[in-house]
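Here the structure is laid out as structure tokens; the discussion comes afterwards.
Both backbone and side-chain heavy atoms feed into the values below; hydrogens, waters and symmetry mates do not. Sequential numbering from 1 along the given sequence is applied to the chain's residues.
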Amino acid sequence: MKFVAREPHEASLLELCRAGVHPVLARLWSARGIRSAQETELDLKHLLPPNTLLNCNRGASYLLKALREQKKLLIVADYDCDGATACAVGIRGLKELGAPLNVHVDYLVPNRFTMGYGLTPEVVEQAAGLAIRPDILITVDNGIASHSGIEYAHQLGMEVLVTDHHLPGDSLPPALIINPNQPECPFASKALAGVGVMFYLLIALRSLMREEGFFTKENQPRLEKLLDLVALGTVADVASLDRNNRIFVHHGIKRIREHQMQSGIKALYQVAGRDPSQATAFDLGFTLGPRLNAAGRLADMSLGIRCLLSDDPQESLALAQELDRMNRERRHIEADMQNDAWEDLQSIDATRNSICLMNESWHQGVIGIVASRIKERFYRPTIIFAPGEDQGQPILKGSGRSIVGFHLRDALDMVAKRHPHLILKFGGHAMAAGLSIPTHAWEDFQTAFEKVAQELLNEDLLARQLHHDGCLQDDEISPALADLLRQQVWGQGFAQPVFIGDFEVISQSLVQDKHLRVQVRSLTEPHAKVWGGIWFGRTQSLERESRLAYRLAYDEFGGTPRAQLHIEACEEVV
């Protein structure tokens with residue numbers, strides 16, 4: 001592994017320090033592209049205006065007309081955490097805004113295993129058969145690729161409003177579309193998650209209704225109550241944390257810490273054994289998100305959405321407990337699949353630039369997680385396949401994860417254009433994508449995908465790198481700095497700080513036979529203090545003198561604040 005330093009921008013570093021920013025925080029922000037103290041302000045007034053999101057105001061006018069005409073609305077959700085939170089935000093927001101007009105709004109969660117992804121004709125058929133037949137379908141976190149489903153909805157007399165954030169294909173479906181990544185959209189944040197798109201639509205609708213005299217600024221529905229959901233969906237979907245998304249996440253976490261959260265989010269914290277008053281973005285991505293996603297991976301997301309919509313603490317807790325149980329089941333399935341994968345990888349050619357694996361016994365709801373684990377271990381673009389069905393026909397469903405420098409969706413597009421019948425459908429982002437292929441095309445797809453990987457990847461791109469933020473002086477390592485750092489919003493595109501240092505390893509021992517606990521002190525400073533550290537998942541001992549890459553973590557063990565080193569990687573000091 002190669003250690004690569006993030007270099008701060010000298011001019012902005014000086015400006016941030018002059019503005020009174022803590023020197024270490026100024027260094028971190030400067031290295032992440034912050035150029036002025038104003039850019040660090042995360043007040044809601046700094047959100048990008050809704051009128052710059054293409055069709056957002058048109059969508060608000062369309063919805064207000066629908067509310068006035070008492071049209072029946074149905075939100076068609078996606079099966080991951082972003083889709084679940086977007087659905088919950090949509091239901092809660094539309095019910096509050098539409099209360100004066102007696103709005104009817106409901107939701108539908110397709111079964112990913114039988115109906116496929118997005119607004120498929122099968123989903124439309126199900127919507128049309130509901131006891132209360134909807135007049136308008138509103139997609140959240142999907143729809144940008146749903147040409148046939150939208151056309152079928154029109155044939156059945158239903159209108160469609162698409163809210164999505166995924167990259168579009170070569171053409172757009174015939175619907176009113178709100179998506180920052182559609183052509184000609186000037187919205188400055190292309191990283192907006194699906195839940196963020198829905199929240200923007202609600203902001204625009206509230207503004208329009210205020211202009212129309214439904215509300216005043218004093219008595220209008222407080223949509224900021226939904227920001228805990230917006231933050232959860234944004235982080236769990238690994239959306240890049242540009243300033244706009246950091247504003248969402250900052251205020252969502254603030255509400256959670258102040259116990260102003262939805263009942264379902266409080267219940268998820270409770271079953272996870274975490275303290276919401278100490279909430280961080282890490283909790284959203286690695287504690288709450290997986291529990292919600294477990295429902296979509298193993299069954300359907302309706303259970304998760306019910307949890308997020310419930311205002312009854314007892315009901316919320318019961319639903320969260322079931323989600324927690326499903327997440328434990330998901331982990332067992334994942335562990336078995338990983339063991340199978342490790343065995344299969346023993347026979348993989350080490351010169352390959354990509355990894356594609358398939359097993360008849362694998363669960364298609366967990367393939368994305370397994371792809372992520374294998375990608376992290378071998379640092380190659382990875383696609384994991386499991387058996388599935390499409391309109392009763394057996395197919396292979398794949399989920400892929402990529403590495404920096406290899407745009408996975410574009411790579412699949414190259415394969416599809418070169419071999420028009422090899423991929424049935426695909427979609428996604430630079431770092432993650434999903435696809436379906438005919439069962440008989442398995443070998444051919446592996447060959448075609450590897451050829452693209454050979455063309456696009458070189459030795460430098462395939463070399464795993466650890467980006468770090470330089471050294472901390474011994475007197476800078478402190479509970480105060482650790483607490484300051486945990487109060488900030490870190491995540492995808494705004495990486496959590498990682499520091500390096502040359503340390504003497506004074507003692508080391510295993511915790512639960514799987515985590516390495518150490519006591520270390522700096523080799524470069526006289527009279528250095530001894531610091532405790534832990535390397536989760538490592539059992540191999542360290543050299544007595546080691547260069548360590550670590551995160552500075554805050555802990556209150558026994559009620560006493562302390563700083564701890566969470567070690568990420570090491571190099572032997574030469």
Side-chain angles (χ1 to χ4, degrees), residues 74-96 105-114 126 130-132 140-141 195 198 225-237 252-253 255-280 282-335 363 365-366 369:
L74 183 74
I75 292 180
V76 180
D78 189 23
Y79 49 73
D80 66 1
C81 189
D82 186 19
T85 53
C87 180
V89 164
I91 293 288
R92 287 184 175 277
L94 286 171
K95 282 186 174 179
E96 283 210 50
V105 56
D106 205 345
Y107 67 93
L108 172 66
V109 189
N111 186 303
R112 68 188 294 187
F113 307 117
T114 60
Q126 184 179 358
L130 294 174
I132 300 179
V140 291
D141 193 33
V195 67
M198 173 49 73
K225 293 189 301 185
L226 305 174
L227 286 173
D228 55 344
L229 295 169
V230 178
L232 173 56
T234 299
V235 172
D237 210 49
I253 290 175
R255 294 190 68 84
I256 294 171
R257 288 174 179 165
E258 294 172 352
H259 292 270
Q260 295 179 338
M261 69 200 95
Q262 315 300 322
S263 178
I265 287 186
K266 182 178 181 180
L268 287 168
Y269 264 94
Q270 187 173 342
V271 299
R274 304 294 286 253
D275 180 3
S277 65
Q278 306 297 322
T280 65
F282 183 88
D283 296 338
L284 303 184
F286 294 94
T287 301
L288 275 65
R291 284 169 170 79
L292 279 169
N293 278 330
R297 294 186 188 282
L298 301 186
D300 67 61
M301 187 50 89
S302 58
L303 185 73
I305 294 173
R306 284 170 55 203
C307 182
L308 298 179
L309 288 176
S310 175
D311 293 319
D312 181 325
Q314 288 186 329
E315 180 187 38
S316 300
L317 182 58
L319 292 167
Q321 288 170 336
E322 177 61 14
L323 290 169
D324 187 60
R325 183 201 65 76
M326 295 178 78
N327 191 49
R328 291 195 300 273
E329 180 185 349
R330 184 271 304 169
R331 287 202 296 261
H332 287 308
I333 295 171
E334 176 194 340
H363 193 299
V366 187
I369 299 177

Sub-4.5 Å side-chain heavy-atom contact between Gln278 and Asp283:
no

Here the pair of heavy atoms bringing Ser302 nearest to Tyr107 is O-OH, 4.1 Å

Per side-chain hydrogen bond (donor to acceptor under 3.5 Å, both in side chains), Asp228 is matched among Arg255, Gln260, Lys266, Gln262 by Gln262

Quick one, Leu292 with Met326, criterion side chain to side chain contact (heavy atoms under 4.5 Å, CB included). Give me CA distance, side-chain angles, the key distance, then yes/no. CA-CA 9 Å; Leu292 279 169; Met326 295 178 78; over 6 Å; no

Less than 4.5 Å apart, side chain to side chain, heavy atoms only: is that true for Lys95 and Val105? yes

All heavy atoms of Phe282 vs all of Arg274, minimum pair found to be CD2-NH2, 4.5 Å

Problem - Close side-chain approach of Asp312 and Ser263, heavy atoms under 4.5 Å - result: no

Report the C-alpha distance between Thr85 and Asp141 in whole Å, list the side-chain angles of each, state the deciding distance to 0.1 Å, and finish with yes or no for side chain to side chain contact (heavy atoms under 4.5 Å, CB included).
CA-CA 10 Å; Thr85 53; Asp141 193 33; over 6 Å; no

Val366 versus Leu298: any side-chain heavy-atom pair under 4.5 Å? yes

Any side-chain heavy-atom pair of Leu308 and Ile305 under 4.5 Å: no

| message | Is it the case that the side chain of Ser310 and the backbone of Arg306 share a donor-acceptor pair, with hydrogens and angles ignored and the cut-off at 3.5 Å? | response | no

4.5 Å side-chain heavy-atom contact, Arg291 and Cys307: no

Tightest non-hydrogen contact, residues Ala295 and Gly304, listed as CB-N, 4.3 Å

Cys81 and Gly289 have their tightest heavy-atom pair at SG-CA, 4.1 Å

Of Leu94, Ile75, Val195, Val140, the one forming a side-chain contact (heavy atoms from CB on, under 4.5 Å) with Val89 is Val195

Taken to the nearest 0.5 Å, the spacing of Leu323 CG from Leu268 CG works out to 6.0 Å

Exercise for the section: Look at the side chain of Asn111 and the backbone N and O of Asp300, then say whether any donor-acceptor pair between them is shorter than 3.5 Å. Expected result: no

* What do the steps show when you test Cys87 against Val109 for side chain to side chain contact (heavy atoms under 4.5 Å, CB included), and what is the final call? -> CA-CA 9 Å; Cys87 180; Val109 189; 5.7 Å; no

Taken to the nearest 0.5 Å, the spacing of Leu108 CG from Gln126 CD works out to 4.5 Å

Distance only, no hydrogens: is a donor on one side chain within 3.5 Å (strictly under) of an acceptor on the other, for Asp275 and Ser277? yes

**OP:** Kindly determine whether Ile333 and Arg297 satisfy side chain to side chain contact (heavy atoms under 4.5 Å, CB included), including the steps that lead there.
**Re:** CA-CA 11 Å; Ile333 295 171; Arg297 294 186 188 282; over 6 Å; no

The reported gap from CG in Leu284 to CG in Asp237 (rounded to nearest 0.5 angstrom) is 13.0 Å

Closest non-hydrogen contact found for Ala77 with Pro110 is O-CD, 3.2 Å

To the nearest 0.5 Å, atom CE of Met198 lies from atom CG of Asp82 at 11.0 Å

Rounded to the nearest 0.5 angstrom, the OG1-CZ distance for Thr280 and Phe286 is 10.0 Å

| Any ion pair linking Glu96 and Arg92 (charged N to carboxylate O, less than 4.0 Å)? | no

Closest heavy-atom pair, Tyr269 versus Ala279, reported as atoms and distance to 0.1 Å, is OH-CB, 3.1 Å

Of Leu317, Leu288, Thr287, the one forming a side-chain contact (heavy atoms from CB on, under 4.5 Å) with Val271 is Leu317

Separation between NE2 (His332) and CD (Glu334), nearest 0.5 Å, reads 11.0 Å

